[in-house]
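Down below is the structure, laid out as structure tokens.
Fair warning: this is a prediction, and the values are worked out from it, not measured in the lab.
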Amino acid sequence: MSKEITNRSEDYSAWYTDIVKKAGLADHSAVRGCMVIKPYGFGIWEKIRDQLDFMFKETGHVNAYFPLFIPKSFLSKEAEHVEGFAKECAVVTHHRLMNDPNGNGVVVDPTSKLEEELIVRPTSETIIWNTYKDWISSYRDLPLLINQWANVVRWEMRTRLFLRTAEFLWQEGHTAHATKDEAVSETRLILDLYAEFAEEYMAMPVIKGVKTPNERFAGAIDTYTIEALMQDGKALQAGTSHFLGQNFAKAFNVTFLDENQKRDFVWATSWGVSTRLMGGLIMTHSDDSGFVVPPKLASLHVIIIPIPKPDEAIDEVALKIIAALKAKGIIAKYDTDRKKRPGFKFAEYELKGIPVRLGIGKRDLEKNQIEVARRDTKEKYSQAIDGIEDHIEQLLVDIQDNLFNRAKKFRDDRISKADTIEEFKEILDTKAGFVLAHWDGTTESEVKIKELTKATIRCIPIDNEQEDGKCILTGKPSTQRVLFARSY
RNA sequence: CGGGGUGUAGCGCAGUCCGGUUAGCGCACCUGUUUUGGGAACAGGGGGUCGCAGGUUCGAAUCCUGCCACCCCGACCA
């Protein structure tokens with residue numbers, strides 16, 4: 001049937017695309033590299049967004065909104081920043097269309113050329129720091145803790161649903177501080193917040209660390225990252241938090257007077273996660289039967305299926321269960337479609353990854369029980385209807401825990417150590433995953449290792465164990481192992 | 001940007017090499033009957049600018065020219 005998905009072992013990339021499309025998460029659109037996020041996928045993104053938004057606000061941040069367009073001259077004010085993004089910008093040059101004199105629809109009106117081109121934001125540091133200049137004059141204006149939920153455009157050469165699209169949705173936090181220490185603390189606070197979200201809500205274990213200069217955000221002093229491991233052994237950068245120093249304050253001349261009437265540049269951070277998280281979610285938990293949603297991000301927790309079809313006795317029990325679950329904040333739905341048979345529905349909801357399925361038929365009702373099926377393990381068993389809401393409440397907790405523990409074990413089993421470049425390659429080609437190895441600290445070696453192995457330094461883990469060793473490439477002395485992997 | 005592929009019904013495809021009735025099949029959709037504890041069966045029905053623009057021809061999904069779009073694999077990136 002058309003709903004069948006490619007096996008992971010056969011073609012992981014095709015499997016991924018199948019899940020995204022067939023579970024109804026997103027689709028390719030008429031525009032190159034841009035996707036349509038469908039209601040089911042968007043519902044999960046909304047859960048991600050709502051939870052993060054809550055966490056941002058709990059830590060003192062507020063939301064605002066800045067323009068989609070950035071004057072070209074703004075972008076070039078921070079030299080490294082513009083260099084990092086210049087190659088992937090969409091540019092607005094005109095503001096009007098007109099009827100084609102030759103009668104072929106509409107064409108760009110050449111008289112509507114803009115004085116200065118506008119860039120569709122690839123990220124908003126420049127427009128925001130240009131605005132902050134007017135908002136900050138005293139230490140009393142600081143810290144300024146602002147986040148925005150927005151879309152951005154990066155004209156990528158090659159795109160992949162959720163993982164890398166030309167337009168994507170994200171949040172970007174931009175904060176301003178009076179001191180370096182405060183800004184660094186903010187950067188780390190958000191890194192911890194991201195890690196907590198990834199592990200607690202997405203059930204996706206991550207490694208926190210700092211990027212090497214080579215992998216740093218364009219314009220940052222330090223880039224912190226959370227790195228997750230996908231089922232095919234490739235790493236995914238799931239979120240980044242940047243300490244920007246005074247780079248943007250200097251570029252946009254944002255200064256303040258401190259308590260001692262001394263003028264100084266403001267210290268900055270920026271941080272973001274995007275719809276890429278959806279890709280991480282899929283590639284952490286899903287299987288050959290389809291998507292698997294962790295209960296904490298599910299827009300629907302429980303699906304109730306009448307067997308073989310709705311009737312009065314079944315309806316009554318189903319509606320009672322839905323009400324009891326609702327009282328506990330658990331969202332359940334009763335599938336009353338008479339056209340589809342139970343087997344079809346089973347497959348369909350497995351594909352969509354609904355955490356718990358309840359089957360109710362005459363056989364069950366006679367024994368005053370129902371069939372419970374959990375999506376994560378695909379186990380099925382009978383359970384007394386009496387008190388079912390308590391059972392499901394606990395089951396959802398168990399599923400959430402199981403997903404995390406399973407993913408963590410998978411990840412931990414794929415953290416290896418390599419002491420030579422041969423060993424390093426061998427591991428990448430066989431079991432893949434993360435490889436801890438010594439590195440001499442130079443960009444030159446890092447780039448060379450990438451050329452030789454396609455693996456990059458994902459990060460230098462926070463609180464990394466110090467250990468004397470030799471760089472796997474050059475043999476030069478090193479004081480710690482860094483985390484390598486092939487990545488998305 | 002290099003290499004490969006694909007554009008035909010909502011989806012998946014055949015037909016194109018070698019031009020010729022009314023463009024076909026599966027899924028989905030609509031109607032009906034029988035079914036129903038892991039993707040039902042039968043009967044009937046609706047749905048098409050064959051990616052776009054030129055050209056050749058009595059006749060083009062099919063041949064020629066040009067263009068466009070999307071997907072996949074690489075190099076670059078969240």
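Not counting sequence neighbours, A:Glu389 has no partner by the salt bridge (Lys or Arg N to Asp or Glu O under 4.0 Å) test. Not a single salt bridge (Lys or Arg N to Asp or Glu O under 4.0 Å) links A:Asp398 to another residue, sequence neighbours left out. Take A:Lys296 and apply the salt bridge (Lys or Arg N to Asp or Glu O under 4.0 Å) test, not counting sequence neighbours, and it matches A:Glu200. Applying the salt bridge (Lys or Arg N to Asp or Glu O under 4.0 Å) test to A:Arg49 and every residue at least two apart in sequence or in another chain returns A:Glu46. Residues satisfying the side chain to side chain donor-acceptor pair (under 3.5 Å) test with A:Tyr132, not counting sequence neighbours, are none. Residues forming a side chain to side chain donor-acceptor pair (under 3.5 Å) with A:Lys57 (at least two apart in sequence, or on another chain): A:Asp53. The side chain to side chain contact (heavy atoms under 4.5 Å, CB included) search around A:Lys380 returns A:Arg357, A:Glu371, A:Ala373, not counting sequence neighbours.
For A:Lys309, taking side-chain heavy atoms from C-beta onward, the closest of the listed nucleotides B:U36, B:C72, B:G37 is B:U36. Listed nucleotides B:G38, B:G37, B:A75 differ in distance to A:Glu350; the shortest reach to its side chain belongs to B:G38. Closest to the A:Ser274 side chain, of the nucleotides B:C76, B:G38, B:A78, is B:A78. Closest to the side chain of A:Pro308, from the set B:C77, B:U36, B:G38, is B:U36. The listed nucleotides are B:A78, B:A75, B:G39; the one nearest the side chain of A:Phe344 is B:G39. For A:Arg276, the side-chain atoms get nearest to B:A78 when compared with the rest of B:A78, B:C1, B:G38. Side chain of A:Glu371, nearest nucleotide from B:A78, B:G38, B:G37: B:G37. Of all nucleotides listed (B:C77, B:C71, B:G39), B:C71 comes nearest to the side chain of A:His28. Minimum atom distance to the side chain of A:Thr17 is reached by B:C72, of the listed B:C72, B:G37, B:G38.
For B:C29, one of the phosphate oxygens OP1 or OP2 lies less than 4.0 angstrom from a side-chain nitrogen or oxygen of A:Lys340. Residue A:Arg341 places at least one side-chain N or O under 4.0 Å from the OP1 or OP2 atom of B:G37.
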Do any N or O atoms of the protein come closer than 3.5 Å to N or O atoms of nucleotides 6-10 of chain B, and which pairs are they?
none

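Near-neighbour residues of RNA chain B inside residues 75-89 of chain A, defined by a heavy atom below 4.0 Å, number-ordered: A:Glu88. Annotation: proximity of residues 204-240 of chain A to RNA chain B (heavy atom, distance under 4.0 Å) is found for A:Gln237, numbered in ascending order.
For A:Asp232 and A:Tyr488, the side-chain atoms include at least one donor-acceptor pair closer than 3.5 Å. A donor atom on one side chain and an acceptor atom on the other are found under 3.5 Å apart for A:Tyr349 and A:Asp335.
In the interface, the side chain of A:Arg154 is not paired with the base of B:C77 through any donor and acceptor atom under 3.5 Å apart. Interface remark: the A:Lys345 side chain does not form any donor-acceptor pair with the B:G37 base, using a distance-only criterion of under 3.5 Å. Applying the 3.5 Å distance criterion, the base of B:G38 shares no donor-acceptor pair with the side chain of A:Glu348.
B:A69 and B:C27: their P atoms are spaced 35 Å apart (whole Å).
Remark: A:Lys340 qualifies as a cation-pi partner of A:Phe344 under the 6.0 Å distance and 45° angle criteria applied to the six-membered ring.
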Show the atom names and distances, to 0.1 Å, of all donor-acceptor pairs under 3.5 Å that link a side chain in residues 453-462 of chain A to residues at least two apart or in another chain.
from     : atom 1 : to       : atom 2 : distance (Å)
A:Thr453 : OG1    : A:Ile449 : O      : 2.7
A:Thr453 : OG1    : A:Ala455 : N      : 3.1
A:Thr456 : OG1    : A:Arg458 : NH1    : 2.7
A:Arg458 : NE     : A:Glu227 : OE1    : 3.1
A:Arg458 : NH1    : A:Ser487 : OG     : 3.2
A:Arg458 : NH2    : A:Glu227 : OE1    : 3.4

Without placing hydrogens or testing angles, list every side-chain donor-acceptor pair under 3.5 Å for residues 214-224 of chain A, not counting sequence neighbours.
from     : atom 1 : to       : atom 2 : distance (Å)
A:Arg216 : NE     : A:Ile221 : O      : 2.8
A:Arg216 : NH2    : A:Ile221 : O      : 3.3
A:Thr223 : OG1    : A:Phe217 : N      : 2.9
A:Thr223 : OG1    : A:His242 : ND1    : 2.8

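Using Watson-Crick or G-U wobble geometry with both donor-acceptor distances under 3.5 Å, B:G19 finds no partner in any strand shown.
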